[in-house]
K.L.:
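Below you will find the structure I want to go over with you.
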Amino acid sequence: MTKTTSEIVARCEEIYEDLNFTAARDWKAAKEGRKVIGYLPVYIPRELIHAGGMLPLGIMGGGDNLEVIHGDAYYQSYICRIPRSTVELGISGRVDFVDGMLFPSICDVIRNLSGMWKMLFPDTYSKYFDVPQTYKDEIGGTFYIGEMHELLEDLERISGRKITDDDVNNSIAVYNENRRLVNELYALRAQAPWQAPASEAYLVIRAGLVLPVEDHSVLLREYIDAAKAEERPIKDNSKVVVTGMFCEQPPLNLIKSLELSGCYVVDDDFMLVSRWLIGDVPTDGDPVYNLSQAFLHRSMSTAAKYEPNQEEKGRFLVRAVKETGAEGVIFASTSFCDPALLDRPMLQNVLKESDVPFIAFKYAENSGQMQPIREQAGTFVDSIKLWSAA
Amino acid sequence: MKPSIVKAQPGDALKDASMIKQKQMMAAHYDRLTNAPETGAKVASTFVPGNLNELLMCFDLVNNLPEVNAIQSGLRKQSGQYIMEAERAGHSEDVCTYVKSDIGMMMKGNIGPNGKELPKPDVLLLSYTGCFTFLKWFELLREQYKCPTIFLQTPYMADGKVTPNMIQYMVKQFKETVIPTLEEVSGVKFDIDRLREYLRKSAQAEDDLVYILETGKNKRSPIDAYFGGIYYIGPIFGAFRGTDDAIDYYKFLREEVDERMLKNLGPVTPDGPMGEEKFRLVVEGPPNYTSFRQFWKMFYEEGATVVASSYTKVGGTYDYGFRHDPDRPLESLAEYCLGVYTNRSLPMRIDMLSDYINEYEADGLLINSIKSCNSFSAGQLLIMREVEKRTGKPAAFIETDLVDPRYFSAANVKNRLESYFQMVEQKRSGKGAAA
């Protein structure tokens with residue numbers, strides 16, 4: 001029986017709200033010897049984990065439903081929220097079934113959290129996963145290949161099995177399919193955002209951080225088909241791109257508030273891991289080399305990544321605006337987020353040069369008061385309409 | 001010249017002769033920088049952690065360190081207005097105040113501490129070592145100066161070890177990106193023997209620096225390894241590593257410290273020689289610069305000497321054995337970058353601080369947590385607990401900022417310090433044993 005969008009979204013919301021990660025626990029419990037590897041934003045080559053028969057589990061902080069009791073004792077007031085809620089998840093036992101944790105290089109806070117995890121949970125494997133910020137094959141590429149091989153060795157040890165090139169190539173194919181579907185959903189949203197609202201698409205994609213990738217691809221297909229099939233009213237909203245939310249995720253209410261205030265969010269940088277690599281990764285030959293090539297030459301831009309070419313700085317945002325037909329950009333950055341907040345003035349300068357209107361505000365994953373954001377976004381949308389009418 | 005204590009300026013703070021000498025060196029360097037347009041010297045901006053001064057000298061480039069410029073602005077009480085200028089231009093109140101001080105200074109004419117305009121850099125050497133903000137800082141400067149920018153990535157020492165992959169990555173970057181671009185910018189051909197000679201000189205000065213810092217193990221300590229230490233690290237962390245000037249300075253400083261040690265004297269504070277050494281502390285984190293003297297006074301008035309600090313290791317962990325090695329020039333530069341304090345994992349930092357408490361026979365650990373420096377600050381509360389647990393010595397936590405005067409609350413800091421000293425006292429007398 002065909003599922004409706006509301007049925008699919010309800011299931012995804014259940015997964016989103018479940019801070020005990022029951023779906024992942026169930027997956028692990030279903031077969032003896034199964035392992036789960038957690039990872040934080042922004043990007044991890046999940047293919048390597050999958051190739052070892054393990055479940056990659058995206059841990060994006062605690063959101064607005066987690067009461068942080070222990071985590072606050074580890075951080076000063078001027079540090080963002082995601083590390084404290086992640087520590088809370090750890091200390092409260094919510095991720096006690098996880099067999100390893102990966103901390104990608106995003107910023108100094110997550111970098112230091114990798115060391116804290118080693119101290120707090122010495123019996124669980126944890127690794128800071130360094131990625132190259134230089135993009136020449138012989139330099140950054142070689143380094144990255146070395147780092148991926150080190151990770152593979154660790155994953156082999158955890159999984160207790162040899163991970164072959166064929167295993168990784170098979171996993172690449174599975175993730176290629178998943179990325180194609182995620183991109184299809186983004187394309188649908190850009191084209192007809194009333195059919196696939198951002199708040200729904202967010203939940204559907206977010207479910208992919210917990211579910212096995214194969215199941216998630218089925219779910220994506222179902223949602224896209226259902227969203228296309230249903231008739232939904234078109235609102236008098238303005239299309240906007242939101243940026244700055246690549247690490248600590250916004251509360252769902254924030255996305256809904258943007259929509260309620262008259263925005264169609266047609267592009268964003270939520271959960272970049274789902275579409276970090278652009279296009280398919282080849283599924284033959286040396287898979288680690290292929291993954292490195294994709295990372296170096298065909299991956300998304302974000303504030304956590306160095307842009308070697310000044311001419312290219314911020315152009316990704318202008319392209320996103322053009323490709324989606326957006327009328328403006330909303331800079332929504334986590335409070336105390338160094339990458340997003342340091343990057344913001346440069347991106348805003350690029351937008352000014354391209355005559356793209358923008359606004360900026362800050363949030364935290366547990367922001368509860370949405371009225372100011374609604375007012376700000378609503379005013380922004382009104383002004384866009386006034387300008388475009390002029 | 002025999003080391004002595006000199007009154008620098010009427011009404012000014014008392015300074016060691018070495019401090020006067022250091023100040024003169026720094027002033028001469030700023031003159032070199034500001035005179036660059038006249039002399040034709042080319043300028044490279046770079047950072048203190050991962051500073052490759054020897055390499056820059058191979059290309060006759062003058063080293064400009066924006067962090068040090070921000071410190072100078074802080075000490076001169078100018079950083080506050082610069083930061084606000086940058087914030088008015090759209091920079092967030094949440095981010096690093098070094099960056100905003102630098103950008104604000106640029107917006108206000110880029111006037112250096114000698115009252116003259118600092119030159120535009122000919123090249124930005126973005127040595128991405130131990131601090132994510134560096135990456136964005138130089139993207140911001142590149143946007144303004146539109147000059148060549150060399151990116152050098154130092155992998156993070158997350159697992160407490162340097163792997164061959166890390167060294168190979170860095171050496172490749174030197175060979176294929178850093179050196180060719182520096183040749184192009186400077187017009188000077190790279191000469192590895194010249195580099196070897198500078199590295200040899202670096203190692204010589206590094207030996208003396210370690211000797212000086214380790215005199216803090218003496219009871220009583222002839223140095224203050226935090227407030228005084230900031231003067232001591234200036235030349236070697238800045239534009240003098242690899243020079244004869246640095247060798248001379250550290251030799252001179254060593255003699256001065258030896259003399260104090262022989263006479264069983266403590267460090268020289270801005271108000272004169274330190275009185276009785278009542279408390280021996282290890283300090284983690286950078287200092288506050290906008291109220292530097294006031295901050296220091298809160299320590300020496302209570303008889304507290306800092307015998308070891310992590311901040312004096314941000315430009316190299318020489319006390320852990322590293323020396324620049326002329327026989328392995330590029331590998332050695334890589335190892336130098338990899339080993340700086342903020343590029344070390346949290347467990348390594350905990351080990352270091354615990355070692356310092358034990359080896360320097362300190363009474364406790366004080367953490368000065370800096371609002372705008374996540375590289376240092378994220379995780380410090382765990383560091384505090386862990387060091388306390390391992391050493392059994394009391395630890396305390398204060399919060400200030402590097403160069404933003406809005407985040408230095410003197411009364412608050414003083415209160416906390418006074419409470420801390422009382423706690424140390426109680427612990428010593430056994431009264432706080434159950435605490």
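These numbers come from the heavy atoms of this one structure, side chains and all, not from hydrogens, waters or symmetry mates. Here is how names work: the chains are called A, B, and so on, in the same order as the sequence lines, proteins then strands, and each is numbered from 1.
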K.L.:
Could you measure the distance from the CG atom of B:Asp159 to the NZ atom of A:Lys127? Nearest 0.5 Å is fine.
P.N.:
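Going from the CG atom of B:Asp159 to the NZ atom of A:Lys127 covers 5.0 Å.
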K.L.:
Which answer fits B:Ile350, side chain, backbone, both or neither, if we ask what part of it has an atom under 4.5 Å from a heavy atom of chain A?
P.N.:
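Interface part for B:Ile350: side chain.
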K.L.:
Given heavy-atom pairs under 4.5 angstrom as the criterion, report whether the side chain, backbone, both or neither of B:Leu152 touches chain A.
P.N.:
neither
K.L.:
Considering non-hydrogen atoms only, spot the tightest contact between A:Thr134 and B:Tyr169 and give its length.
P.N.:
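So the two residues come closest at OG1-OH, 2.8 Å.
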K.L.:
Would you please indicate if the ring centroids of A:Tyr128 and B:Tyr156 are separated by under 6.0 Å?
P.N.:
yes
K.L.:
Check whether B:Cys373 gets within reach of chain A through its side chain, its backbone, both or neither, counting any heavy atom under 4.5 Å.
P.N.:
neither
K.L.:
Go through the structure and list residues passing salt bridge (Lys or Arg N to Asp or Glu O under 4.0 Å) with B:Asp94, not counting sequence neighbours.
P.N.:
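So B:Asp94 forms a salt bridge (Lys or Arg N to Asp or Glu O under 4.0 Å) with A:Lys362.
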K.L.:
Is A:Leu120 close to chain B through its backbone or its side chain, or both, or neither, when contacts mean heavy atoms under 4.5 Å?
P.N.:
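Side chain only.
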K.L.:
Is there a donor-acceptor pair under 3.5 Å between the side chain of B:Glu176 and the backbone N or O of A:Ile139?
P.N.:
no
K.L.:
Which heavy atom of A:Ala303 sits nearest to which heavy atom of B:Phe132, and what is that distance?
P.N.:
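Where A:Ala303 meets B:Phe132 most closely, the heavy atoms are O-CZ, 3.6 Å.
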K.L.:
Please give me the minimum heavy-atom distance between A:Met116 and B:Gly379, naming the atom from each residue.
P.N.:
SD-CA, 3.6 Å
K.L.:
Between the side chain of B:Gln153 and the main-chain N/O of A:Val131, is any donor-acceptor distance below 3.5 Å?
P.N.:
yes
K.L.:
Could you look at B:Phe397 and say if it's the side chain, the backbone, both or neither that has a heavy atom under 4.5 Å from chain A?
P.N.:
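B:Phe397 touches chain A through side-chain heavy atoms alone.
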K.L.:
Give the minimum heavy-atom separation between B:Arg142 and A:Tyr306, together with the two atoms involved.
P.N.:
NH1-OH, 3.4 Å
K.L.:
At a 4.5 Å cut-off on heavy atoms, which part of B:Thr163 comes close to chain A: side chain, backbone, both, or neither?
P.N.:
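For B:Thr163, side-chain heavy atoms alone lie under 4.5 Å from chain A.
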K.L.:
Distance from B:His91 atom NE2 to A:Leu342 atom CG, nearest 0.5 Å?
P.N.:
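B:His91 NE2 to A:Leu342 CG: 8.5 Å, rounded to 0.5 Å.
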K.L.:
Can you check whether A:Glu138's main-chain N or O pairs, donor with acceptor, with B:Lys172's side chain at less than 3.5 Å?
P.N.:
yes
K.L.:
Has A:Asn112 got a side-chain atom pairing as donor or acceptor with B:Ser375's backbone, closer than 3.5 angstrom?
P.N.:
yes
K.L.:
Using a 3.5 Å cut-off and no angle test, enumerate the donor-acceptor pairs between side-chain atoms of residues 144-151 of chain B and protein atoms at least two apart in sequence or in another chain.
P.N.:
from: B:Tyr145; atom 1: OH; to: B:Asn110; atom 2: ND2; distance (Å): 3.2
from: B:Lys146; atom 1: NZ; to: B:Glu143; atom 2: O; distance (Å): 2.7
from: B:Thr149; atom 1: OG1; to: B:Cys147; atom 2: O; distance (Å): 3.2

K.L.:
Less than 4.5 Å to any heavy atom of chain A: does that hold for the side chain of B:Ser345, its backbone, both, or neither?
P.N.:
neither
K.L.:
Enter the distance from A:Phe143:CZ to B:Gln168:CD here, rounded to the nearest 0.5 Å.
P.N.:
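Reported value, rounded in 0.5 Å steps: 11.0 Å.
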K.L.:
Check for a donor-acceptor pair, side chain of A:Arg111 on one end and backbone N or O of B:Ala158 on the other, with a separation under 3.5 Å.
P.N.:
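No, because the side chain of A:Arg111 does not come within donor-acceptor range (under 3.5 Å) of the backbone of B:Ala158.
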K.L.:
To check you understand the geometry: which heavy-atom pair defines the closest contact between A:Thr142 and B:Asn165, and what is its length?
P.N.:
O-OD1, 4.0 Å
K.L.:
Only counting residues at least two apart or in another chain, list the ones meeting salt bridge (Lys or Arg N to Asp or Glu O under 4.0 Å) with B:Lys136.
P.N.:
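B:Lys136: salt bridge (Lys or Arg N to Asp or Glu O under 4.0 Å) contacts with A:Asp343, B:Glu139.
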K.L.:
What distance separates B:Glu93 CD from A:Tyr78 OH, expressed to the nearest 0.5 Å?
P.N.:
16.0 Å
K.L.:
Within this structure, what is the CD-CD distance for the pair B:Glu399 and A:Gln76, rounded to the nearest 0.5 Å?
P.N.:
6.0 Å
K.L.:
Do you know the tightest heavy-atom contact between A:Ile79 and B:Ala378?
P.N.:
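Closest heavy-atom pair between A:Ile79 and B:Ala378: CD1-CA, 3.6 Å.
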K.L.:
Of all the residues in residues 345-352 of chain A, which have a heavy atom that comes within less than 4.5 Å of a heavy atom in chain B?
P.N.:
A:Pro345, A:Met346, A:Asn349
K.L.:
Hey, could you give me the CG/OG distance between A:Asp338 and B:Ser92, rounded to the nearest 0.5 Å?
P.N.:
9.0 Å
K.L.:
What part of A:Pro339 gets within 4.5 angstrom of chain B, counting heavy atoms only: side chain, backbone, both, or neither?
P.N.:
both
K.L.:
Check whether A:Ala73 gets within reach of chain B through its side chain, its backbone, both or neither, counting any heavy atom under 4.5 Å.
P.N.:
both
